[in-house]
**Q** 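Encoded as structure tokens, here's the structure I'll be asking about.
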Amino acid sequence: MDFADDPAEAAFRAGLRAWLRDHLDEHREGTGYESAESVERTLRWHRALAEAGYVGISLPAAYGGRGLPDAYEGILNEELAAAGAPASPPIGHIAHAVADFAGEELKARVLPGLLGCTEVWCQGFSEPGAGSDLAGLSTTATADGDRFVVNGQKIWTSGAMWSGWCLLLARTEPDRPRHRGLSMLVVDMRSPGVDCREIVLASGSREFAEVFFDDVSVPAANLVGERGQGWQIAMHMLAYERGPADMGWVGRLGRVLAAAREEVRSGRVAADAGLRLRLAEAAVDVQVMQWHVARSLAGRDADATGSGGSVDKLLATRVEQNLYRVVSDLAGPSFVLGAPGPFADYLWSRAQSIYGGTQQIQRQIVAQRVLGLPRA
């Protein structure tokens with residue numbers, strides 16, 4: 001398979017590189033989720049990308065996207081990483097769910113703000129008693145005339161503290177089987193009864209929150225798709241979130257690898273034969289991952305089983321965690337005692353095994369949908 005850019009992709013890449021040369025310096029430093037100031041700098045970067053047309057690339061142009069194939073999302077992530085730029089906003093899975101399932105009125109009402117990054121969104125899926133077992137969630141949305149009344153709790157909700165909207169998965173049909181009783185709602189986070197409580201990670205990040213819903217009123221017009229269609233929409237979202245178009249890790253892992261190799265080659269870091277061999281193996285892993293991502297993006301529409309995202313997630317997790325283990329062993333005690341950034345990245349790599357679906361869940365999907373094995 002030829003992974004080289006076609007003329008249109010090459011022109012897109014060249015335009016993006018030119019824009020980054022002109023605009024990146026004012027946004028390069030200080031983004032993150034450690035403080036209110038760093039969050040605002042991050043959101044300002046997201047708005048700059050949106051104004052330049054680099055958010056929602058694969059979403060319909062009618063709502064602020066560009067209607068381009070997923071491969072262009074991969075090019076964006078690749079170039080941002082190569083330039084050392086902050087990541088793009090992680091909203092592709094939410095935007096695709098709304099664009100693919102919501103009615104026209106709801107799409108027209110919410111997608112422009114989402115894709116323009118003038119409205120910040122979060123995703124309400126995980127619960128304290130239903131993390132990996134998403135179908136077991138207990139948050140309810142009870143129909144009451146022209147509205148739903150939401151009660152329950154979500155946890156590990158990225159960006160909830162500063163979000164205006166939440167795409168919420170809740171149980172609307174308590175008498176149906178677990179998977180068939182869920183629906184998806186767009187919830188205004190400024191509604192009475194919504195309570196966000198910050199979660200501070202070991203790395204210092206304040207990105208996550210637990211969110212409580214106490215008799216929160218949601219207009220029935222904010223239902224995405226049909227009642228009972230929530231599980232289908234959630235799987236659609238997770239397949240996109242697990243895929244390379246929304247992950248964007250490959251280029252960043254390449255930069256980590258390149259820095260480690262330079263440290264060894266320059267003699268600044270001592271590495272015996274065993275560590276050099278492990279570093280070489282990590283380099284092979286990253287290259288394989290890069291080729292796999294390109295192939296996956298090129299053939300995403302042909303994935304009839306819907307398991308491609310799980311394969312991507314399993315591979316990305318193994319490659320990233322292995323690379324950071326090698327980097328940590330090369331650095332020795334300074335990896336923990338030195339600058340906080342590298343150790344925070346290592347901690348985040350460990351979370352790859354959990355967020356977006358655990359390793360066990362991904363393996364079950366591959367076993368059943370690819371290998372045809374029976375359910376456990």
**Q** Return yes if a side-chain donor-acceptor contact under 3.5 Å exists between E73 and S58, otherwise no.
**A**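 S58 and E73 do have a side-chain donor-acceptor pair below 3.5 Å.
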**Q** Kindly say whether the aromatic ring centers of W162 and Y33 come within a distance under 6.0 Å.
**A**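 Distance test on ring centres: under 6.0 Å, yes.
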**Q** For W156, I'd like to know if atom CH2 has over 12 heavy atoms of other residues, nucleotides or ligands within 6.0 Å.
**A**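 For W156, atom CH2 is not crowded (no more than 12 foreign heavy atoms under 6.0 Å).
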**Q** Could you walk me through whether R44 and E26 satisfy the salt bridge (charged side-chain N to carboxylate O under 4.0 Å, His left out) test, starting with their C-alpha distance in whole Å, then the side-chain angles of each, then the deciding distance to 0.1 Å, before giving a yes or no?
**A** CA-CA 10 Å; R44 191 160 57 242; E26 60 184 297; over 6 Å; no
**Q** Within a reach of under 6.0 Å around CG of D146, are more than 12 heavy atoms found that belong to other residues, nucleotides or ligands?
**A**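 Counting neighbours around CG of D146, 12 or fewer heavy atoms of other residues, nucleotides or ligands fall under 6.0 Å, so no.
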**Q** Do you reckon L373 sits in the same ILVMFWY cluster as L314, going by side-chain contacts under 4.5 Å, direct or chained?
**A**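 Yes, L373 connects to L314 through the hydrophobic network.
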**Q** Using the ring of Y72 (Phe, Tyr or Trp, six-membered ring only), decide whether R66 places NZ or CZ under 6.0 Å from its centre and within 45 degrees of its axis.
**A**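 Relative to the ring axis of Y72, which defines the angle, R66 lies outside at least one limit.
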**Q** Decide yes or no on salt bridge (charged side-chain N to carboxylate O under 4.0 Å, His left out) for R197 and E210, but give the supporting numbers first.
**A** CA-CA 5 Å; R197 302 180 187 178; E210 54 181 338; 5.1 Å; no
**Q** Using a 3.5 Å distance criterion without hydrogens, assess whether the side chain of T139 forms a donor-acceptor pair with backbone atoms of Q153.
**A**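 Flag set: sc T139 to bb Q153 pair under 3.5 Å.
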**Q** State whether the side chain of E127 and the backbone N or O of S138 hold a donor-acceptor pair below 3.5 Å, judged by distance alone.
**A**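 Indeed, once roles are kept as given, a pair shorter than 3.5 Å links the two residues.
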**Q** Between W231 and R178, is there a cation-pi geometry (under 6.0 Å to ring centre, at most 45° from the normal)?
**A**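 No.
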**Q** Give a yes or no on whether I75 and L24 share a hydrophobic cluster (residues Ile, Leu, Val, Met, Phe, Trp, Tyr; joining criterion: side-chain heavy atoms under 4.5 Å apart).
**A**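 Yes, I75 connects to L24 through the hydrophobic network.
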**Q** Donor-acceptor pair, distance only, cut-off 3.5 Å: does the side chain of Q229 make one with the backbone of E226?
**A**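 Checking the backbone N and O of E226 against the side chain of Q229, a donor-acceptor pair under 3.5 Å is found.
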**Q** What distance do S183 atom OG and R227 atom CZ have between them, rounded to the nearest 0.5 Å?
**A**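 It is 6.5 Å, given to the nearest 0.5 Å.
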**Q** Start with the C-alpha distance between Y324 and F335, add both sets of side-chain angles, then the distance that settles ring-ring contact (aromatic ring centres under 6.0 Å, His included), and finish with yes or no.
**A** CA-CA 10 Å; Y324 276 105; F335 192 71; 7.4 Å; no
